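Notes to accompany the following structure.
Reminder, nothing fancy here: chain letters follow the sequence lines and each chain counts from 1. Not measured: the values here are computed from a predicted model.
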Number of protein chains: 2
Amino acid sequence: MRHTYRDVEQCATKVALDLISGKWKPIIFFHLSSGAIRFTELWRAIPRVSKKVLLEQLRQLENAGLVERTVHNNFPPEVTYQLTPKGAALAPILHRLDQWAMMYVQGVVQIS
Amino acid sequence: MRHTYRDVEQCATKVALDLISGKWKPIIFFHLSSGAIRFTELWRAIPRVSKKVLLEQLRQLENAGLVERTVHNNFPPEVTYQLTPKGAALAPILHRLDQWAMMYVQGVVQIS
DNA sequence: CCGAATCCTAAGCGATACTG
DNA sequence: CAGTATCGCTTAGGATTCGG
């Protein structure tokens, strides 16, 4: 007997994927896993993304509780972003996805 | 020294996420992990998706080599879908995402 | 039963210019 | 340096209809 979802959002996998699905979120995650980083530094590390969009993605991760935004009262302005514990808990899982993808592109996926 | 991606698509995590990001793909994955299933059976198990969209998602998974489509020469027509080994190799990773998401929605994410 | 064709809408993303 | 505002494009997804 197969299970039936009444609502799409009841699928936990989808919940997780929605949180990290965004054109630049995986890359943001990648960079933040090295530690806190300033906005402009992150922006320069990711070519071809507009500041507006990068900020949108960061806001979404922040609202999801995966990223924390810290304002340092300096001049010139300094704002850093870093992973929260929730976000960091995701890192090892994303790392496994990473490994899978590397094997995937080589067409040699066998046992995980 | 931080790494810089020249192209977004070089991010392996993004490659993987792109393959499984789609409104219904996680749910399709969930159902197919129970074994092969007929199209209409799958369609009925996922309420509120049009056949067109469900077919699109299946095609994409098929083109990605994660799902296999089998035509049985019966009448009435019978077509079943099932995970390929590549697709099945993804299952345990998705399962961990699942566990993370369940803790996430409870706000109690600690150590993975 | 399975799938293709058409039309439509909402959302994501991008380019650009501007501000404290 | 960090962020906002506006505009326009492209695409994913959905409703519906038709066909083998």
Rounding to an integer number of Å, can you tell me how far [X] [atom1] sits from [N] [atom2]?
{"X": "A/Trp43", "N": "C/dG14", "atom1": "CH2", "atom2": "P", "answer": "13 Å"}
{"X": "A/Glu56", "N": "D/dA5", "atom1": "CD", "atom2": "P", "answer": "12 Å"}
{"X": "B/Leu54", "N": "D/dG14", "atom1": "CG", "atom2": "P", "answer": "11 Å"}
{"X": "B/Leu58", "N": "D/dA12", "atom1": "CG", "atom2": "P", "answer": "16 Å"}
{"X": "A/Phe75", "N": "C/dG20", "atom1": "CZ", "atom2": "P", "answer": "13 Å"}
{"X": "B/Ile46", "N": "D/dG13", "atom1": "CD1", "atom2": "C1'", "answer": "14 Å"}
{"X": "A/Asp18", "N": "D/dG13", "atom1": "CG", "atom2": "P", "answer": "11 Å"}
{"X": "B/Arg59", "N": "D/dG13", "atom1": "CZ", "atom2": "P", "answer": "16 Å"}

Under 4.0 Å between a side-chain N or O of [X] and OP1 or OP2 of [N]?
{"X": "B/Gln57", "N": "D/dA12", "result": "no"}
{"X": "A/Arg48", "N": "C/dA15", "result": "no"}
{"X": "A/Arg44", "N": "D/dA2", "result": "no"}
{"X": "A/Tyr81", "N": "D/dC1", "result": "no"}
{"X": "A/Ser50", "N": "C/dA15", "result": "no"}
{"X": "A/Arg38", "N": "D/dA2", "result": "yes"}
{"X": "B/Arg69", "N": "C/dG3", "result": "yes"}

So which one's nearest nucleotide on DNA chain C is more toward 5', A/Pro77 or A/Ser21? A/Ser21
What closest approach, in Å, do B/Leu42 and B/His31 show between heavy atoms, and which atom pair accounts for it? CD1-CB, 3.7 Å
Carefully, step by step, assess B/Leu55 and B/Phe39 under the rule side-chain contact (heavy atoms from CB on, under 4.5 Å). CA-CA 9 Å; B/Leu55 276 167; B/Phe39 177 76; 3.7 Å; yes
What's A/Gln60 touching, base or sugar-phosphate or nothing? Going by heavy atoms closer than 4.0 Å. nothing
Base, sugar-phosphate alone, or nothing: which one does B/Val79 contact when heavy atoms must sit under 4.0 Å apart? sugar-phosphate
Closest to side chain of [X], choosing from [options]:
{"X": "B/Val53", "options": "C/dC1, D/dG14, D/dA2", "result": "D/dG14"}
{"X": "B/Leu55", "options": "C/dG3, D/dG13, D/dA2", "result": "C/dG3"}
{"X": "A/Val49", "options": "C/dG14, D/dG14, D/dG3", "result": "C/dG14"}

Side-chain donor or acceptor of B/Trp43 paired with backbone N/O of B/Val49 under 3.5 Å: yes
Taking the side chain from B/Thr84 and the backbone from B/Leu66, do they hold a donor-acceptor pair closer than 3.5 Å? yes
Got a salt bridge between A/Glu62 and A/Arg59, using NZ or NE/NH1/NH2 to carboxylate O under 4.0 Å? yes
If you go through the side-chain atoms of B/Lys23, does one of them form a donor-acceptor pair with the base of D/dG13 closer than 3.5 Å? no
Using heavy atoms to find the nearest nucleotide of DNA chain D for A/Thr80 and A/Lys52 separately, return the residue whose nucleotide is more 5′. A/Thr80
For a 4.5 angstrom cut-off between non-hydrogen side-chain atoms, does B/Lys23 reach A/Lys14? yes
